[in-house]
Amino acid sequence: MGYDFRSIELKWQEKWEGEGTFNADADLGREKFYCLEMFPYPSGALHMGHLRNYSIGDMLTRFLWKRGLNVLHPIGFDAFGMPAENAAIKSKTPAHKWTWDNIEYMTEQLKRMGCSYDWRRRIETCNPDYYRWTQWIFLQFLKKGLAYRKNAPVNWCESCGTVLANEQVINDGRCWRCDTPVVKRSLEQWFLRITDYAQELLDDLDNLPGWPERVKIMQRNWIGRSEGARLSFTEKRSGAVIETFTTRFDTIFGVTFLALSPEHPFVEKMCSLSPRADEIRAFVKRCATQSSIERTAVGGEKEGLFTGLDAVNPVTGEVVPILIANYILMDYGTGAIMGVPAHDQRDFEFARKYGIPVKVVIQPVDGALNAEEMDRAFEDNGIACNSGEFDGMPTAEAIPAMIEWGVKRGYCEREVNFRLRDWLISRQRYWGAPIPVVYCDDCGIVPVPEDDLPVLLPENVKFKEEGGSPLADDQEWLTTPCPRCGKPGRREADTMDTFICSSWYFFRYCSAHDDTVAFNADEANYWMPVDQYIGGIEHACLHLIYARFFTKFFADLGLSRAREPFTNLLTQGMVIKDGAKMSKSLGNVVDPNEIIKVYGADTARLFILFAAPPANDLDWSEHGVEGAHRFLNRVWRLVEENLPLLAQRGPSIPMEGLADRRLRDMKRKIHVTIQSVTQDISGEKQFNTAVARLMELLNALQAFHPEGETERSLFREGVETLLACLNPFCPHITEELWSLTGHADALAMSPWPEAEPAALEADSVTVVVQMNGKLRERVELPAGLSKEELQERVLALPSIIRRLDGTRPERVIAVPDKLVNIVVRD
RNA sequence: GCCGGGGUGGCGGAACGGUAGACGCAGCGGACUCAAAAUCCGCCGUGGGCGACCAUGUGGGGGUUCGAGUCCCCCCCCCGGCACCA
């Protein structure tokens, strides 16, 4: 029982693959559409999140092909990364073998889903043909001075045994991959100067109306622009300059101390100036042992130390003490702050603890602050006081006015600061793209010549028990002549963050196997930008920022025109079961293979698209899957039972040719379905309601029971519409039924149905009659009555006359084709 | 703390300011069957009434409106992001 989805699905999958049905080539004469889903990491097998991601993308792709667009829909594998390496350590399977086996297996799974990819373009980031160009791109960054090495306190994950970029430290200082608390280590590492693009990355968010507001806000927060001023204090004894950054230059008259980060370079110098050198060293050492979580937790204990040195306020000439404070971060602003306890809560808490004076320089509009009695800082806008010539000025005016004044007199400079930091891309791991540089004792850092790329990853490597990258110990691989002088040099042992590999793959798809360039400019200019990108929201401040950065860099190099990679972004929700994300530890994982085996790919796809709108979390329900399967069986039976009449051909009858009410309703149902399904898919991306409309159409067709030639023709039109509209959702069963009903052409490439305007017009409408806004009656009336006619006819209804019982309505509101509201005094 | 997004039947979810609960799931009743499965038909927010009906109902409280799930104000709860960023 039930239709034989197993053989049907395989049959069509083989046909699509064999014929290259969904292969797309650049064609300037055709309108293009680039539909892309985030490519998977080859972890072993697809999970439900993948199934959802690829069901959405595939449905859209098939829909757009039917609408006549030239659709690029590629797939590949984000194939470098730690799990392969861990598998190599654990099961002694080489990382490349583990990865390639998984890629082949998952490719097979994607085909069994019925995905309409252009398989010719499959890429794998661990393939030397690909990472050669990843390395080439790195060299372009290096050439432009946007890749550099620096020694800095960096994020280190003990468990992963490598450093991490700031974006990869999440959930209160934990590793994005393994959730281990991250610690700070001082190391020399490679960085990409993403901060050079901070302003553009921020500004261009305004040009992305097709992105969810949520993601744009997250990126704005992450980039964290703040406008203010940089000003220099002078250390009294040595005359040394200490720079600070403030967004509240209007509080300059309220400065009562200066505080430095323990890592501030001047701290070391202070030891030779201050009689309290020992104390300073001890304090700095103690701060260094605090974890970054302790240091940066909100409300964490603020600790400080008077250094015995003083600084001069450049504006007032006042002398204030210099302290070292654990709450000052070295990697934001200048690593030193001007302390204004009266108007900054952190400074306030710190000042109270250490007995530092509080000086009020802004009064609230409706009261007077007294420094002694304050129990917290006043951070709001108010009126300046104790601020010389600026007294009486409201904060909003005072900030720009005082900065202008300060700049003119040389006290400060305008400055914009970003929270965004340069991207740390070194990884002390094996399974990644080697950073293509050589260290030479004479020449220093020497880039590997572009012609010598790729720097191949050795395949036979030994992993050590105690961890660490095997590349660092592979003397044979490490040793190489300096490309510049030829003397023995040493390769860079670190590999690149895998987020580099995924920052440009959507360009590579455009000319996937071109071995002369990273990507062909003409092809990229035809296909890019991606028109629809689909993936999880967890990449809001990771991949989605990095990819934007790379795209802008390519544009600046003249490699492509696009300045933004993704025009429209759809962030799909998680797949959950029993109220929680599917995970092995919770034991609530549903295996896509099982679902496809038991119900078929069409059922799986249909359920996924029907169960929830794409942005919502999707609650997995076995019963729901059965419901979807039941629907497909009903579609199958409907066609099977009416096969002889459906196999006939004939023109469809226009609305004008139908007189009978039943037939006109059927015709209307068909065309209203086309209209709303089209809108749901292309407009708000409400795939669940689109499916609901198709279910309604099936219900109507099932109840129709055609008799006679006219009815049979109408029925045929209904079934063909159902199959055509359902095709992007469930491509196999619909294609099979299409061919069973005698169609020679492929449904996949046959045009999407068009709604006939005349068939959308209603003959009659149900008008709601309200009294004082409460529903009282429903009446069937001809469509298109004017307000006056409508009101007249409703007021003449016997039931309404009875209800009014002689009372004269105070007012009557009539909305044509909708309702009449009769307002009466109670 | 700040910034987002949400709270609608037993469940997933629908509703241009205009019939709340489309569609599906679960449940209940019936038909078919020796029986079960499958399938088909019907019912299905809550309270009241034999009944046509009446009242009530979209987290809570106010407001705007002829009319509010939808708009405005206040509050509660859940989810997500950021968080000592100067």
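Throughout, protein chains are lettered first and strands after them, A, B, ... in sequence-line order, and every chain is numbered starting at 1.
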> To the nearest angstrom, how far is A:Arg376 atom CZ from B:G1 atom C1'?
Replying inline: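 In whole Å, B:G1 C1' and A:Arg376 CZ are 9 Å from each other.
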> Within the pair A:Gln702 and B:C40, is there a side-chain N or O less than 4.0 Å away from OP1 or OP2?
Replying inline: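 Yes, such a contact exists.
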> Is any side-chain nitrogen or oxygen of A:Arg811 closer than 4.0 Å to OP1 or OP2 of B:C66?
Replying inline: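 It does, given that an N or O in the side chain of A:Arg811 lies less than 4.0 Å from OP1 or OP2 of B:C66.
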Answer with base, sugar-phosphate or nothing: what part of the nucleic acid does [X] contact at a heavy-atom distance below 4.0 Å?
X        : result
A:Thr334 : nothing
A:Arg803 : sugar-phosphate
A:Glu696 : sugar-phosphate
A:Asp344 : nothing
A:Ile813 : base
A:Arg637 : sugar-phosphate
A:Ser621 : nothing
A:Arg230 : nothing
A:Val823 : sugar-phosphate
A:Gln686 : sugar-phosphate
A:Gly627 : sugar-phosphate
A:Asn616 : sugar-phosphate

>> Taking the P atom in each of B:A20 and B:A68, what is the distance between them to the nearest angstrom?
In response: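 Roughly 11 Å separates the two P atoms.
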>> Regarding A:Arg52 and A:Asp617, does a basic nitrogen lie under 4.0 Å from an acidic carboxylate oxygen?
In response: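 Answer for the salt bridge query: no.
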> Ignoring hydrogens and angles, does a donor from either the side chain of A:Asn821 or the base of B:C66 sit under 3.5 Å from an acceptor on the other?
Replying inline: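 When only heavy-atom distances are counted, A:Asn821 does reach the base of B:C66 through a donor-acceptor pair under 3.5 Å.
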> Strictly under 6.0 Å, is that where the ring centroids of A:Tyr599 and A:Phe607 end up?
Replying inline: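 Centroid separation for A:Tyr599 and A:Phe607: 6.0 Å or greater.
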